[in-house]
Amino acid sequence: MNRTVTPPVLVTGATGRIGRIVIHRLLDAGVPVRALTHRSEAAATLPAKVEVFTGDLTVPESLDPALKGAGAVFLVWTAPPRTAAAVIDRLAANVRRVVFLSSPHRTPHPFFQQPNPMAALHADIERLIAATGLESSIIRPGMLASNSLAWWAPAIRLGEVVRWPYGAAETAPVDDRDVAAVAARTLHQDGYTGGDYVLTGPESLTQAAQVDAIGAALGRRIAFEEMTPDEFRSRSEDTALRPVVDMLLAAWAAAVGPPAHVTTAVADILGTAPRTFRQWAADHATAFTAQGS
Ligand SMILES: NC(=O)c1ccc[n+]([C@@H]2O[C@H](COP(=O)([O-])OP(=O)(O)OC[C@H]3O[C@@H](n4cnc5c(N)ncnc54)[C@H](OP(=O)(O)O)[C@@H]3O)[C@@H](O)[C@H]2O)c1
């Protein structure tokens with residue numbers, strides 16, 4: 001009897017928020033998985049069934065062992081742009097399909113149309129992929145629900161007021177698990193070539209309402225206080241790059257007033273409704289407690 005062997009999918013950003021979940025969804029679907037880790041010590045945190053390769057997107061030839069014999073690649077680019085063309089050439093020479101984790105920089109909503117250094121990088125990588133003729137899908141999460149862990153968990157764990165700029169700015173946070181499930185589906189099932197998917201949560205919520213939802217998950221009210229953009233800039237000096245801080249402030253300023261852009265892409269692809277932010281908060285409540293830190 002002839003048996004078709006499914007070639008493995010190589011997941012880059014395998015230790016990151018989305019890549020880590022993509023690995024689980026692919027394994028659930030019975031797809032063999034390779035993981036690219038940048039820091040070799042991170043391999044210990046990946047499932048035992050995964051074949052781990054160490055490689056660096058800034059050293060294109062370091063990817064060769066992981067690419068040889070792979071069928072598809074989940075591409076997460078968090079490195080400087082310099083080596084993107086050489087890496088994508090290597091993908092084209094080795095695999096049939098690529099799914100790229102991008103952002104909604106083409107969506108004509110004010111939130112997505114502010115100056116954004118990542119948007120130019122994402123657009124360049126998309127152009128490079130299109131020029132190869134690889135089977136490709138682009139997935140574009142709006143705002144990941146898990147951003148709130150980095151932003152608000154430190155104050156919430158200490159029982160402090162959440163002080164934040166633009167509490168009235170509306171976004172539609174998308175659950176990282178829904179983004180990863182879409183990525184896995186487009187990697188291992190046919191029918192998504194050429195797909196370009198803006199992924200959002202199901203509802204537009206102000207940032208203050210998102211903090212309320214975390215409070216509801218914890219069973220207590222979390223006080224929210226408006227912070228000025230200048231204070232946010234000075235408080236972020238040691239923890240974030242200035243262009244990233246400016247990008248966030250401009251995007252939030254533009255998102256005060258209009259409801260957030262909401263799409264049906266998650267439901268269209270997965271056949272199930274996207275998880276709400278309340279659901280995300282309920283499932284991650286312990287991460288906002290002192291024990292979860
Ligand atoms: N946050 C949002 O709301 C949002 C929205 C839309 C799009 N995005 C996009 O999502 C992407 C980030 O995804 P994520 O949050 O899942 O990632 P993440 O949690 O920030 O993790 C970054 C990953 O990149 C790997 N990495 C870093 N430098 C590398 C290098 N030189 N070579 C190979 N791998 C390297 C890291 O590996 P090691 O752990 O081994 O170092 C890690 O697995 C970005 O492109 C961002 O623009 C984010």
Side-chain angles (χ1 to χ4, degrees), residues 10-25 34-46 50 52-67 73-84 86-87 90-91 99-107 109 111-112 114 116-126 129 138-151 169 171-184 197-201 207 210 240-241 243-245 247-248 251-252 255 260-261 263 265-266 277 280:
L10 175 66
V11 176
T12 69
T15 53
R17 289 184 283 177
I18 303 299
R20 197 175 274 285
I21 317 175
V22 170
I23 288 175
H24 286 282
R25 292 295 79 79
R34 291 179 178 177
L36 189 84
T37 61
H38 172 224
R39 297 165 298 126
S40 53
E41 66 273 20
T45 65
L46 295 170
V50 170
V52 180
F53 293 79
T54 302
D56 188 330
L57 291 167
T58 66
V59 186
E61 60 278 17
S62 71
L63 306 186
D64 289 348
L67 286 171
V73 171
F74 180 54
L75 183 62
V76 179
W77 197 281
T78 51
R82 194 176 34 83
T83 50
V87 166
R90 283 185 139 79
L91 302 195
V99 173
F100 176 49
L101 178 61
S102 185
S103 56
H105 56 85
R106 296 179 177 175
T107 298
H109 182 287
F111 182 69
F112 299 121
Q114 305 309 309
N116 179 346
M118 290 304 289
L121 169 63
H122 287 158
D124 281 348
I125 293 179
E126 289 164 32
I129 290 172
I138 310 295
I139 59 173
R140 307 177 186 276
M143 182 63 89
L144 294 176
S146 62
N147 289 345
S148 59
L149 277 171
W151 293 344
T171 62
V174 59
D175 193 305
D176 304 30
R177 295 169 293 185
D178 288 331
V179 175
V182 168
Y197 307 110
V198 175
L199 306 178
T200 71
Q207 299 203 88
Q210 292 168 36
L241 297 173
V244 174
V245 171
M247 170 194 86
L248 284 170
W252 288 327
H261 182 70
T263 73
V266 169
F277 187 73
W280 180 90

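For this chain, numbers begin at 1 and follow the sequence in order. Each ligand, and each atom within it, is numbered from 1 in the order the structure gives.
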If we ignore hydrogens and angles and just use 3.5 Å, is the side chain of [X] paired with the main-chain N or O of [Y] as donor and acceptor?
X	Y	value
S102	H122	no
T83	L57	yes
R25	A183	no

Below 3.5 Å only, please: the N or O atoms of ligand 1 paired with protein N or O atoms, distance on each line.
{"residue": "ligand 1", "atom": "1 (N)", "partner": "R17", "partner atom": "NH2", "Å": "3.1"}
{"residue": "ligand 1", "atom": "1 (N)", "partner": "N147", "partner atom": "OD1", "Å": "3.1"}
{"residue": "ligand 1", "atom": "3 (O)", "partner": "L144", "partner atom": "N", "Å": "3.0"}
{"residue": "ligand 1", "atom": "3 (O)", "partner": "N147", "partner atom": "ND2", "Å": "2.9"}
{"residue": "ligand 1", "atom": "15 (O)", "partner": "R17", "partner atom": "NE", "Å": "3.1"}
{"residue": "ligand 1", "atom": "15 (O)", "partner": "R17", "partner atom": "NH2", "Å": "3.4"}
{"residue": "ligand 1", "atom": "16 (O)", "partner": "R17", "partner atom": "N", "Å": "3.2"}
{"residue": "ligand 1", "atom": "16 (O)", "partner": "I18", "partner atom": "N", "Å": "2.9"}
{"residue": "ligand 1", "atom": "19 (O)", "partner": "R17", "partner atom": "N", "Å": "2.9"}
{"residue": "ligand 1", "atom": "24 (O)", "partner": "T78", "partner atom": "OG1", "Å": "2.9"}
{"residue": "ligand 1", "atom": "26 (N)", "partner": "T78", "partner atom": "OG1", "Å": "3.4"}
{"residue": "ligand 1", "atom": "31 (N)", "partner": "D56", "partner atom": "OD1", "Å": "2.8"}
{"residue": "ligand 1", "atom": "32 (N)", "partner": "L57", "partner atom": "N", "Å": "2.9"}
{"residue": "ligand 1", "atom": "37 (O)", "partner": "T15", "partner atom": "OG1", "Å": "3.3"}
{"residue": "ligand 1", "atom": "39 (O)", "partner": "T15", "partner atom": "OG1", "Å": "2.5"}
{"residue": "ligand 1", "atom": "39 (O)", "partner": "R39", "partner atom": "NE", "Å": "3.3"}
{"residue": "ligand 1", "atom": "39 (O)", "partner": "R39", "partner atom": "NH2", "Å": "2.6"}
{"residue": "ligand 1", "atom": "40 (O)", "partner": "H38", "partner atom": "N", "Å": "3.0"}
{"residue": "ligand 1", "atom": "40 (O)", "partner": "R39", "partner atom": "N", "Å": "3.0"}
{"residue": "ligand 1", "atom": "41 (O)", "partner": "H38", "partner atom": "ND1", "Å": "3.0"}
{"residue": "ligand 1", "atom": "41 (O)", "partner": "R39", "partner atom": "NE", "Å": "3.0"}
{"residue": "ligand 1", "atom": "43 (O)", "partner": "T15", "partner atom": "N", "Å": "3.4"}
{"residue": "ligand 1", "atom": "43 (O)", "partner": "T15", "partner atom": "OG1", "Å": "2.7"}
{"residue": "ligand 1", "atom": "43 (O)", "partner": "G16", "partner atom": "N", "Å": "3.1"}
{"residue": "ligand 1", "atom": "45 (O)", "partner": "W77", "partner atom": "O", "Å": "3.4"}
{"residue": "ligand 1", "atom": "45 (O)", "partner": "H122", "partner atom": "NE2", "Å": "3.4"}
{"residue": "ligand 1", "atom": "47 (O)", "partner": "H122", "partner atom": "NE2", "Å": "3.4"}

- Task: Provide the closest heavy-atom pair for T263 versus T200 in the form atom of the first, atom of the second, distance.
- Result: N-OG1, 2.9 Å
- Task: Classify the side-chain pair T107/H261 by whether it contains a donor and acceptor separated by less than 3.5 Å.
- Result: no
- Message: Parallel, tilted or perpendicular, judged at 30° and 60°: which one describes the rings of F111 and H109?
- Response: perpendicular
